[in-house]
Participant: 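Once you've had a glance at the structure underneath, I'll fire off some questions.
Residue indices begin at 1 and follow the sequence shown. The analysis underlying the following values was restricted to heavy atoms, covering all of them including side chains, and did not include hydrogens, waters or symmetry mates. For clarity, every value in this text was computed on a predicted model and none was experimentally measured.
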Amino acid sequence: KVLSAVNMLHYQRNAVARSLKLRVTKSIGIIVPEISNTFFTEIVEQLEKLLGPLGYALLLCSSENSVQEEKRKLAFLLERNVDALLVIPVGDVGAHFASPAIANIPLVMLDRKIEGLRCDVVLTDNRKGAYDVTCALIREGKTNIGFLGGDNHVHTSVERLHGFLDAMHDNQLEVDPDFILLGGMTQKAGYTLMENALTMPKCPDTFFVVNDMVHIGATSYLMSKASREIRSKVVFSTFDYLYYAPLLKFCHYAVSQPLDQMGETAAQLLIRRLDGDLQGFPSTVVIEPTICVMEDNGGVVTDDKSIV
């Protein structure tokens, strides 16, 4: 009789009402700095592939690179009683993630971490990746290298700057502080920083670029505004090798982050915590990246760490 009524009335289960009884919503809240960043959306796609078949729905929010917006989106997700949170934080401010309101909700930080915050973290070895691609430029013969993009409040940016400086120091090369050009992690920042750099005297023709968005912005400026003579000399190494990387013709070397492994590790941590398994908490997983060489752009394979 029940099944007959279900069919006759085209009954649709009310997941919201059901969650009040079970205290489980089968939803996971995700906050990323910007949805337009392909790296972040590819991570979310990996999580969807892994968590979707287990019955979880992902609620995706953008913090729009704003701590205030990040706080607002966190409150939004908590009001919807998500079972867990996965966050790529905007910067190094994290008191809102230590609130008693989320004390019993599993939280995984991905790609970036906030010092002093007690939660699971999944990272790429940003410092080593930046070190290796900078060394690749140096082995190619580049000695005057600038650093383009970044933010002192973003964990990944700081680690990549340290890796760049380590490589320059270990190879006894001077770093011109005028060409440590911080100013953001966005496409707009890359465009503006490249424009500003080319107006400065003694501008290097080689740069380590902090991420893919800054890389696209810098490339856009060069292709639309710079002379052919300037374009013929510019060389980049960059952090992030995504599907469109071969189209960015100034790049000789790129750090490829293992998106599949990062997504899988984060998903496994979330599932374990949702099942009540607190072994190893808080866990920090650091995954080593790969160095990609763009031979068609002029990159040279010089060691066994690199792949074409």
Participant: Rounded to the nearest 0.5 Å, how far does CG of Leu269 lie from CE of Met109?
Facilitator: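 Nearest 0.5 Å value for the CE-CG distance: 13.5 Å.
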Participant: Once rounded to the nearest 0.5 Å, what's the spacing between atom SG of Cys135 and atom CG of Asp170?
Facilitator: 7.0 Å
Participant: Any sub-3.5 Å donor-acceptor pair from Asp120's side-chain atoms to Ser283's backbone N or O?
Facilitator: yes
Participant: Is a side-chain donor or acceptor of Asn171 paired with a backbone partner of Leu173 at a separation under 3.5 angstrom?
Facilitator: no
Participant: Taking all non-hydrogen atoms of both residues into account, name the closest pair between Thr238 and Cys251 and its distance.
Facilitator: CG2-SG, 3.5 Å
Participant: Applying ring pair (Phe, Tyr, Trp, His ring centres under 6.0 Å), can you list everything that pairs with Phe97, at least two apart in sequence or on another chain?
Facilitator: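 In terms of ring pair (Phe, Tyr, Trp, His ring centres under 6.0 Å), with neighbours along the sequence ignored, Phe97 is linked to no residue.
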Participant: Apply side-chain hydrogen bond (donor to acceptor under 3.5 Å, both in side chains) to the pair Glu42 and Gln46, showing each step before the final yes or no.
Facilitator: CA-CA 6 Å; Glu42 289 204 12; Gln46 285 297 319; over 6 Å; no
Participant: Could you tell me whether a side-chain N or O of Thr199 sits under 3.5 Å from a main-chain N or O of Asn196, the two making a donor and an acceptor?
Facilitator: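 A pair under 3.5 Å: yes.
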Participant: Would you say the side-chain atoms of Lys128 pair up with the backbone N or O of Glu288, donor to acceptor, closer than 3.5 Å?
Facilitator: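 Not a single qualifying donor-acceptor pair exists.
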Participant: side-chain contact (heavy atoms from CB on, under 4.5 Å) for Val286 and Thr124? Distances and angles first, verdict last.
Facilitator: CA-CA 5 Å; Val286 180; Thr124 301; over 6 Å; no
Participant: If every non-hydrogen atom of Leu222 is compared with every non-hydrogen atom of Met194, which pair is closest and at what distance?
Facilitator: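 Nearest heavy atoms, Leu222 then Met194: CG-CG, 4.0 Å.
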Participant: Return the set of residues passing salt bridge (Lys or Arg N to Asp or Glu O under 4.0 Å) with Glu115 (not counting sequence neighbours), or none when no residue passes.
Facilitator: Lys113
Participant: With side chains defined as the heavy atoms from C-beta onward, is the minimum distance between Leu259 and Leu242 less than 4.5 Å?
Facilitator: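 Touching, per the 4.5 Å side-chain cut-off.
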Participant: Does the salt bridge (charged side-chain N to carboxylate O under 4.0 Å, His left out) test come out yes or no for Asp277 and Arg272, once each step is laid out?
Facilitator: CA-CA 5 Å; Asp277 179 0; Arg272 282 173 51 198; 3.5 Å; yes
Participant: Just how far is it from atom CG of Asp212 to atom CZ of Phe39, taken to the nearest 0.5 Å?
Facilitator: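 Reported value, rounded in 0.5 Å steps: 8.0 Å.
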Participant: Looking at every heavy atom in both Ile114 and Pro89, which two are closest together, and how far apart are they?
Facilitator: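 Taking Ile114 first and Pro89 second, the nearest heavy atoms are CD1-CB, 3.8 Å.
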Participant: What is the minimum heavy-atom distance between Ile35 and Thr41, and which atoms define it?
Facilitator: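 So the two residues come closest at O-CG2, 3.0 Å.
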Participant: Is the His215-Phe236 ring centre distance short of 6.0 angstrom?
Facilitator: yes
Participant: Quick one: pull up CZ in Phe239 and OG in Ser157 and give me the separation to the nearest 0.5 Å.
Facilitator: 11.0 Å
Participant: Work out which heavy atom in Gly183 is nearest to a heavy atom in Ala189; give both atom names and the distance.
Facilitator: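 Here Gly183 and Ala189 meet closest at O-CB, 3.6 Å.
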Participant: For Glu140 and Tyr253: C-alpha separation, side-chain torsions, deciding distance, then whether side-chain hydrogen bond (donor to acceptor under 3.5 Å, both in side chains) applies.
Facilitator: CA-CA 11 Å; Glu140 190 183 310; Tyr253 310 97; 2.6 Å; yes
Participant: Please step through side-chain contact (heavy atoms from CB on, under 4.5 Å) for the pair Val293 and Val300, ending with a clear verdict.
Facilitator: CA-CA 7 Å; Val293 180; Val300 180; 5.7 Å; no
Participant: Could you give me the CA-CA distance, side-chain angles and deciding distance for Asp111 and Gln257, then say whether side-chain contact (heavy atoms from CB on, under 4.5 Å) is met?
Facilitator: CA-CA 10 Å; Asp111 183 53; Gln257 302 195 67; 3.7 Å; yes
Participant: Report yes or no: is the cationic atom of Arg80 (NZ for Lys, CZ for Arg) under 6.0 Å from the centre of the six-membered ring of Phe76, at an angle within 45° of the ring normal?
Facilitator: yes
Participant: What is the ring orientation for Phe207 with Phe179, classed by angle as parallel under 30°, tilted 30 to 60°, or perpendicular over 60°?
Facilitator: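 If you compare the ring of Phe207 with that of Phe179, the planes turn out perpendicular.
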Participant: Begin with the C-alpha distance, continue with both residues' side-chain angles, and end with the deciding distance and a verdict on salt bridge (charged side-chain N to carboxylate O under 4.0 Å, His left out) for Arg72 and Glu69.
Facilitator: CA-CA 5 Å; Arg72 195 177 76 81; Glu69 190 64 18; 2.9 Å; yes
Participant: Using side-chain heavy atoms (C-beta onward) and a distance below 4.5 Å, is Ile28 in contact with Leu59?
Facilitator: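 No, every pair of side-chain atoms sits at 4.5 Å or beyond.
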Participant: Got a second to check how far Glu48's CD is from Ile30's CD1, nearest 0.5 Å?
Facilitator: 8.0 Å
Participant: Considering all heavy atoms of both residues, which atom of Met200 and which atom of Asp178 are nearest to each other, and what is their separation?
Facilitator: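 The pair with the smallest heavy-atom distance is CE-O, 3.5 Å.
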Participant: Check for me, please, whether Val209 and Tyr131 land in the same ILVMFWY cluster - side-chain distances under 4.5 Å, paths through other members count.
Facilitator: no
Participant: Measure the spacing between CG of Asn37 and CE of Met213 and express it to the nearest 0.5 Å.
Facilitator: 4.5 Å
Participant: Would Lys225 and Glu195 pass as an ion pair if we require N to O under 4.0 Å?
Facilitator: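 Glu195 and Lys225: not salt-bridged.
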Participant: Is it the case that one hydrophobic cluster holds both Met223 and Leu198, taking links as side-chain heavy atoms less than 4.5 Å apart, direct or via other members?
Facilitator: yes
Participant: For the side chain of Arg118 and the backbone of Pro282, is there at least one donor-acceptor N/O pair under 3.5 Å apart?
Facilitator: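 No, Arg118 side chain to Pro282 backbone: no donor-acceptor pair under 3.5 Å.
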Participant: With a 3.5 Å distance limit and no angle check, can you tell me whether Ser99 reaches the backbone of Ile102 through a side-chain donor-acceptor pair?
Facilitator: no
Participant: Could you check whether any side-chain heavy atom of Val133 comes within less than 4.5 Å of a side-chain heavy atom of Phe164, counting everything from C-beta outward?
Facilitator: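 No, side chains not in contact.
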Participant: For the backbone of Asn81 and the side chain of Thr25, can you confirm whether one donor and one acceptor N or O come within less than 3.5 Å of each other?
Facilitator: yes
Participant: Treat each ILVMFWY residue as a node, draw an edge where side-chain heavy atoms are under 4.5 Å apart, and state whether Val234 and Tyr221 are in one component.
Facilitator: yes
Participant: So do the side chains of Arg228 and Arg231 get within less than 4.5 Å of each other, counting heavy atoms only?
Facilitator: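 Yes - at least one pair of side-chain heavy atoms lies under 4.5 Å apart.
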Participant: Side-chain contact test, heavy atoms from C-beta onward, threshold under 4.5 Å: evaluate it for Gln187 versus Val214 and give yes or no.
Facilitator: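 Contact flag for Gln187/Val214 side chains = no.
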Participant: Within the 4.5 Å heavy-atom criterion, are Pro33 and Ser63 side-chain neighbours or not?
Facilitator: yes
Participant: Quick one: does His252's side chain have a donor or acceptor within less than 3.5 Å of a partner on Met294's backbone?
Facilitator: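 Here the side-chain-to-backbone pair does not exist.
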Participant: Going through the checks in order, is the side-chain contact (heavy atoms from CB on, under 4.5 Å) test met by Leu110 and Ile43?
Facilitator: CA-CA 9 Å; Leu110 182 63; Ile43 285 284; 3.1 Å; yes
Participant: For the pair Ser232 (side chain) and Glu229 (backbone), establish whether a donor and an acceptor sit closer than 3.5 Å, ignoring hydrogens and angles.
Facilitator: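 Indeed, once roles are kept as given, a pair shorter than 3.5 Å links the two residues.
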Participant: With a 4.5 Å cut-off on side-chain heavy atoms, are Asn152 and Leu182 touching?
Facilitator: yes
Participant: Using the rule side chain to side chain contact (heavy atoms under 4.5 Å, CB included), only one of Leu77, Leu274, Leu78 pairs with Ile105; which is it?
Facilitator: Leu78
Participant: Taking a hydrophobic cluster as the set of Ile, Leu, Val, Met, Phe, Trp and Tyr residues connected by side-chain heavy atoms closer than 4.5 Å, whether directly or through intermediates, do Ile287 and Tyr241 fall within one such cluster?
Facilitator: no
Participant: So do Ile145 and Ile138 actually touch side chain to side chain, heavy atoms under 4.5 Å?
Facilitator: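 Sidechains of Ile145 and Ile138: in contact.
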Participant: Go through the structure and list residues passing side-chain contact (heavy atoms from CB on, under 4.5 Å) with Ala267, not counting sequence neighbours.
Facilitator: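 By the side-chain contact (heavy atoms from CB on, under 4.5 Å) rule, Ala267 matches Leu47, Leu50, Leu51.
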Participant: Does Glu70 reach the main-chain N or O of Val90 with its side chain, forming a donor-acceptor pair under 3.5 Å?
Facilitator: yes
Participant: Which residue is it: Arg160, Glu159, His162? I am looking for the one with a side chain to side chain donor-acceptor pair (under 3.5 Å) to Asn126.
Facilitator: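 Of Arg160, Glu159, His162, side chain to side chain donor-acceptor pair (under 3.5 Å) with Asn126 is met by Arg160 alone.
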Participant: Take Asp83 and Lys26 through the test salt bridge (charged side-chain N to carboxylate O under 4.0 Å, His left out) and record every step on the way to the result.
Facilitator: CA-CA 6 Å; Asp83 296 335; Lys26 298 295 284 187; over 6 Å; no
